[in-house]
Amino acid sequence: MKIFNTLSKSKEEFVPLEPGKVRMYVCGPTVYNYIHIGNARPMIVFDTVRRYFEYKGYEVNYVSNFTDVDDKIIKKALEEGVDSDTISRRYIAECKKDMESMNVKPATTHPQATQEIDGMLEMIRTLIDKGHAYAAQDGTVYFRTKSFPGYGKLSHKNLDELQSGFREIKVTGEEGKEDPSDFVLWKPKKEGEPFWESPWCQGRPGWHIECSVMSRKYLGEQIDIHAGGEDLVFPHHENEIAQSEAANGKPFATYWMHNAFLNIDNRKMSKSLGNFFTVREVGEKYDLQVLRFFMLSAHYRSPLNFSAELMEASRNGLERILTGVERLKDAGQKALGETVTAEEEGNLESARGLVAKYEAAMEDDFNTADAIAAIFELVKLANATVSGDSSRPYVEYLATTIKKLCDVLGVLTERKTEVLDGEVEALIARRQQARKEKNFALADQIRQQLLDMGILLEDTREGVKWKRA
């Protein structure tokens with residue numbers, strides 16, 4: 001199995017630290033709002049990587065965090081007049097709903113930054129004791145980047161080049177830095193912000209220290225794979241390497257995987273450009289299985305353009321697979337023969353060749369686009385060769401194989417069960433009542449429940465209209 005390693009800028013043979021096991025850390029979202037489709041790409045991509053390892057028999061310890069203390073969370077809390085914990089708990093729950101709708105498996109562990117403060121304080125003390133960090137006069141603690149000779153090895157730039165691109169959040173005590181490239185490990189509290197006690201000041205952790213600590217706690221000092229979006233290469237992942245290796249005295253992650261950006265209509269996704277979509281918004285127009293299929297239709301390291309035309313193409317492609325599986329199911333119920341014919345034996349050989357083609361694509365740096373192409377060929381083979389005279393073992397092999405390969409991609413092959421109109425109308429009535437009572441949380445919950453059932457709602461001047469997805 002070959003994986004493109006950002007650290008070496010080349011494909012490398014995957015060799016786990018421990019035979020038969022994979023330790024994998026994926027940076028999760030900052031939970032201050034509904035996740036957007038840019039957040040969805042790494043979730044879907046690296047969930048698929050995990051699923052393939054499991055398909056190959058590996059035991060995967062998969063950790064993905066929630067950043068639940070951050071300037072954006074604090075800002076949202078102040079706007080709503082609630083505490084930060086209320087905001088983070090709300091959007092962690094909403095994120096998990098969206099992940100479930102996209103068929104993203106729950107991580108082995110979903111740690112939260114605010115629950116790991118003691119570990120962060122311990123690592124910061126270690127870094128200070130080893131001379132890799134220092135406290136400024138106001139209590140801000142900085143990492144001393146020039147104390148770590150390997151700084152810049154992930155982004156492949158030297159320290160002087162990196163300084164011009166450094167985007168660490170400015171904090172009180174910035175003037176206390178020894179060097180402009182030093183970054184924050186601990187920052188003093190501001191009025192109205194959540195804070196924790198520390199030996200240096202009442203404050204909260206910097207962003208980067210969170211993942212170093214959570215990765216070490218739940219996976220160990222050395223891990224196989226660290227992954228995330230390419231925007232995290234610098235400074236976040238660069239800083240994680242510096243902190244972890246300086247504190248632990250050993251290499252941090254063997255392989256670094258990064259997915260490329262998601263563009264909207266060939267432009268970078270941006271709120272200011274008005275082309276910013278949440279997963280929830282996309283889910284109002286499409287089954288989120290279509291979004292997942294779309295995300296996997298290109299190689300994860302290739303920029304991906306989101307557009308209505310491409311989503312429709314993905315919907316049609318997914319429909320071809322679902323129709324093929326449905327046809328095999330019907331054929332399996334009619335098939336009577338228990339002996340595979342000579343012609344079917346030849347077709348089974350072709351099918352096994354397509355499975356090998358699928359696995360070769362996945363083992364070449366998880367090329368899901370080519371893997372999907374192999375599934376389409378299997379469906380085409382099934383459509384061309386299965387009839388009322390087909391043997392049961394032949395039909396069952398094709399059906400089982402297509403389902404299994406789709407499952408590795410997280411693509412569901414069972415259509416959603418039909419929903420009775422009366423049940424839909426009752427839920428819509430409950431939602432309307434909730435809106436009248438200003439219970440918007442319940443109204444949103446019912447809307448999502450209907451969406452999960454394949455029902456799209458549209459609030460119009462004439463009232464609520466609905467249709468099947």
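Numbers for residues simply follow the sequence, beginning at 1.
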[X] vs [Y] side-chain heavy atoms within contact, under 4.5 Å:
X    : Y    : result
E281 : Y34  : no
N259 : M295 : no
F4   : M257 : no
E210 : M120 : yes
F293 : I321 : yes
I223 : T254 : no
F252 : Q243 : no
K75  : D71  : no

Taking the basic N atoms (NZ, or NE/NH1/NH2) and the acidic carboxylate oxygens, is any pair closer than 4.0 Å for [X] and [Y]?
X    : Y    : result
E13  : K2   : yes
R125 : E122 : no
K97  : D444 : no
E94  : R280 : yes
K187 : E193 : no
D407 : R51  : yes
K403 : E414 : yes
E238 : K157 : no

Would a line drawn from the ring center of F53 to the ring center of F366 be shorter than 6.0 Å?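 Yes - the distance between ring centres of F53 and F366 falls below the 6.0 Å cut-off.
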
So, for H36 and F276, is the gap between ring centers shorter than 6.0 Å?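 Yes, close enough.
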
Quick one, E178 with K146, criterion salt bridge (Lys or Arg N to Asp or Glu O under 4.0 Å). Give me CA distance, side-chain angles, the key distance, then yes/no. CA-CA 10 Å; E178 292 178 357; K146 287 186 176 177; over 6 Å; no

Determine the interplanar angle of the [X] and [Y] rings, folded into 0 to 90°, and report it as parallel if under 30°, tilted if 30 to 60°, perpendicular if over 60°.
X    : Y    : result
F306 : F277 : tilted
Y52  : Y358 : tilted
F183 : H208 : perpendicular

Side chains of [X] and [Y] only: does a donor on one sit below 3.5 Å from an acceptor on the other?
X    : Y    : value
S297 : S314 : no
D365 : Y300 : yes
Y25  : E240 : no

Least distance between heavy atoms, [X] atom then [Y] atom:
X    : Y    : value
V411 : R292 : N-NE, 4.5 Å
P16  : Y58  : CG-CE2, 4.1 Å
L17  : D224 : N-OD1, 2.7 Å
V408 : M362 : CG1-CE, 4.4 Å
N263 : P303 : ND2-CB, 4.2 Å
L456 : G283 : CD2-O, 3.6 Å

Atom pair [atom1]/[atom2] of [X] and [Y] - distance to nearest 0.5 Å:
X    : Y    : atom1 : atom2 : answer
L288 : M102 : CG    : CE    : 7.0 Å
S244 : E221 : OG    : CD    : 9.5 Å
L296 : I44  : CG    : CD1   : 6.5 Å
S147 : D182 : OG    : CG    : 8.0 Å
H226 : S215 : NE2   : OG    : 5.5 Å
R447 : L427 : CZ    : CG    : 13.0 Å

With E245 as reference, evaluate K130, K250, K153 under the salt bridge (Lys or Arg N to Asp or Glu O under 4.0 Å) test and give the passing residue.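 Going through K130, K250, K153 one by one, the salt bridge (Lys or Arg N to Asp or Glu O under 4.0 Å) with E245 is satisfied by K153 alone.
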
List in chain and number order the residues that pass side-chain hydrogen bond (donor to acceptor under 3.5 Å, both in side chains) with D85, two or more places apart in sequence or in another chain; answer none if no residue qualifies.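 For D85, the residues satisfying side-chain hydrogen bond (donor to acceptor under 3.5 Å, both in side chains) (neighbours in sequence not counted) are R89.
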
Keeping [X] on the side-chain end and [Y] on the backbone end, is there a donor-acceptor pair under 3.5 Å?
X    : Y    : answer
R41  : A260 : yes
H156 : T6   : yes
N65  : C211 : no

Mind running side chain to side chain contact (heavy atoms under 4.5 Å, CB included) on D138 and C201 for me, showing each step along the way? CA-CA 8 Å; D138 70 337; C201 66; over 6 Å; no

Within a 6.0 Å radius of atom [atom1] on [X], are there more than 12 heavy atoms belonging to other residues, nucleotides or ligands?
X    : atom1 : value
R90  : CZ    : yes
Q449 : CD    : yes
E79  : CD    : yes

Between N5 and W256, does a side chain to side chain contact (heavy atoms under 4.5 Å, CB included) hold up when you go through it step by step? CA-CA 5 Å; N5 191 350; W256 289 83; 3.8 Å; yes

The test is side chain to side chain contact (heavy atoms under 4.5 Å, CB included); show your working for L457 and R431 and say whether it passes. CA-CA 11 Å; L457 295 187; R431 177 174 175 268; 3.7 Å; yes

Test: R320 cationic atom under 6.0 Å from F376 six-membered ring centre, within 45° of axis: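 Judged by the rule (NZ or CZ under 6.0 Å from the ring centre, within 45° of its axis), R320 counts as positioned above F376.
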
Could you walk me through whether F66 and Q115 pass the side chain to side chain contact (heavy atoms under 4.5 Å, CB included) test, one step at a time? CA-CA 10 Å; F66 289 116; Q115 297 174 7; over 6 Å; no

Starting from the C-alpha separation in whole Å, work towards a yes-or-no answer on side-chain hydrogen bond (donor to acceptor under 3.5 Å, both in side chains) for D83 and T86. CA-CA 6 Å; D83 59 31; T86 299; 2.7 Å; yes

Kindly state each residue pair satisfying side-chain hydrogen bond (donor to acceptor under 3.5 Å, both in side chains) with at least one member in residues 100-112, sequence neighbours excluded.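 The answer is E54-K105, D68-Q112, S101-Q448, S101-D452.
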
Tell me, please, which residues at least two apart from K438 pass side chain to side chain contact (heavy atoms under 4.5 Å, CB included).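 Once residues adjacent in sequence are excluded, the partners of K438 under the side chain to side chain contact (heavy atoms under 4.5 Å, CB included) criterion are F440.
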
